[in-house]
Amino acid sequence: MSQIITVQIKILPTKEQASVLERMSKTYIQAINTLVFEMITEKKSTMKSSKDIHVPLPSAVKNQAIIDAKSVFKKARKNKYKSVPVLKKPVCVWNNQSYSFNYTHISIPIMVHGKASKTPIRALVVDKDHRNLELLKHKLGTLRITKKGNKWIAQISITIPTTPKIGTKVMGVDLGLKVPAVAVTDDEKVRFFGNGRKNKYKRRKFRSERKKLGKRKKLNAIKRSRDREQRWMQDQDHKISRSIVNFAKENKITVIRLEQLANIRQTTRTSRKNEKNLHTWSFYRLSQFIEYKANLEGIKVEYVNPAYTSQTCPKCSENNKAQDRKYKCKCGFEKHRDIIGAMNIRYAPVLDGKSHSA
Ligand SMILES: [Zn+2]
């Protein structure tokens with residue numbers, strides 16, 4: 001078993017390097033689009049090699065463009081040419097043999113005076129929790145360089161071998177707003193994660209900050225505030241997923257079960273219109289973080305059907321609505337209402353494969 005993940009690193013090209021990268025990225029996607037167009041016209045995959053492609057790119061990069069074009073074509077053929085994909089976002093890709101990385105520089109062949117020459121570009125491994133430094137010790141895969149806003153980003157794909165844990169010890173995890181996450185193990189250990197009320201308060205503050213800025217028509221500041229809120233939410237998701245996986249490790253869990261959720265779940269109570277956005281959170285992202293952190297530990301993640309999970313009695317399967325904080329059933333079962341979901345998720349029917357809808 002292995003897990004492929006992407007590490008993002010900020011790079012600081014000089015002005016000259018940046019303009020070369022910009023040109024190369026445009027050439028790269030043009031080369032792909034041309035190849036894809038040819039293949040779609042002929043309805044067959046290309047036989048071309050880097051020698052047949054006459055664009056100013058190093059041959060390793062041309063080869064990568066051929067690989068990318070073939071996979072775009074393959075997808076188009078699969079959906080019977082219903083849509084002809086055209087790449088727009090400039091990007092340039094190097095395979096793992098054509099570049100090297102030493103934590104301070106990425107050395108890549110770039111075009112200088114019409115010739116490919118290996119050039120070191122400064123790299124910044126900004127890393128709060130040493131995650132990137134840890135990951136970059138593994139075997140490095142393809143390198144993509146692209147521009148986000150006016151920053152240059154290198155994305156390195158990394159394959160990490162994982163050893164699946166033996167045995168079956170299940171933990172159910174229920175994600176929500178009031179309680180961001182609840183975990184219950186199959187031997188009834190319970191843990192709550194995050195603080196829903198604090199999150200709501202924090203987001204209300206972001207919101208009122210933007211409202212004030214809106215009155216003063218500070219559009220850039222509003223965008224910055226929105227970005228800051230997004231980063232903060234992502235950070236919360238990183239922290240919660242980390243603690244969930246640590247809790248699973250402590251309890252020797254081999255399988256974590258999550259509900260298969262739509263990207264954004266909306267709660268029913270959105271009465272105060274201006275607070276509507278306080279009731280949305282990307283459970284999809286949090287699930288993804290849990291999944292990849294768990295997989296790195298050899299813990300499997302399975303998705304279950306979300307129907308009725310917080311209303312069904314874990315003991316007799318009767319449906320009940322919880323009164324107040326307690327969930328009570330005629331059969332005598334009684335528990336805190338917030339843990340019922342996670343209890344049921346443990347044994348709910350698992351959905352096929354990895355069909356985690358976005
Ligand atoms: Zn019952």
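In listed order, ligands and their atoms are each counted from 1.
- Criterion: ILVMFWY side-chain heavy atoms under 4.5 Å apart, direct or through other members. Under it, Ile153 and Ile9 are not part of a common hydrophobic cluster.
- For Asn95 and Thr142, the side-chain atoms include no donor-acceptor pair closer than 3.5 Å.
- Annotation: side chain of Lys115 is not in contact with side chain of Val112 (no heavy-atom distance under 4.5 Å).
- Classification of the His238-Phe289 ring pair by plane angle, with boundaries at 30° and 60°, yields parallel.
- By the criterion of a separation under 2.8 Å, the protein N/O/S atoms near the Zn ion (ligand 1) amount to Cys313 SG, Cys316 SG, Cys329 SG, Cys331 SG.
- Ring planes of Tyr327 and Phe333: perpendicular class, angle over 60° (limits at 30 and 60°).
- Aromatic ring pairs are classed by plane angle as parallel below 30°, tilted from 30° to 60° and perpendicular above 60°; the pair Phe101 and Tyr103 is tilted.
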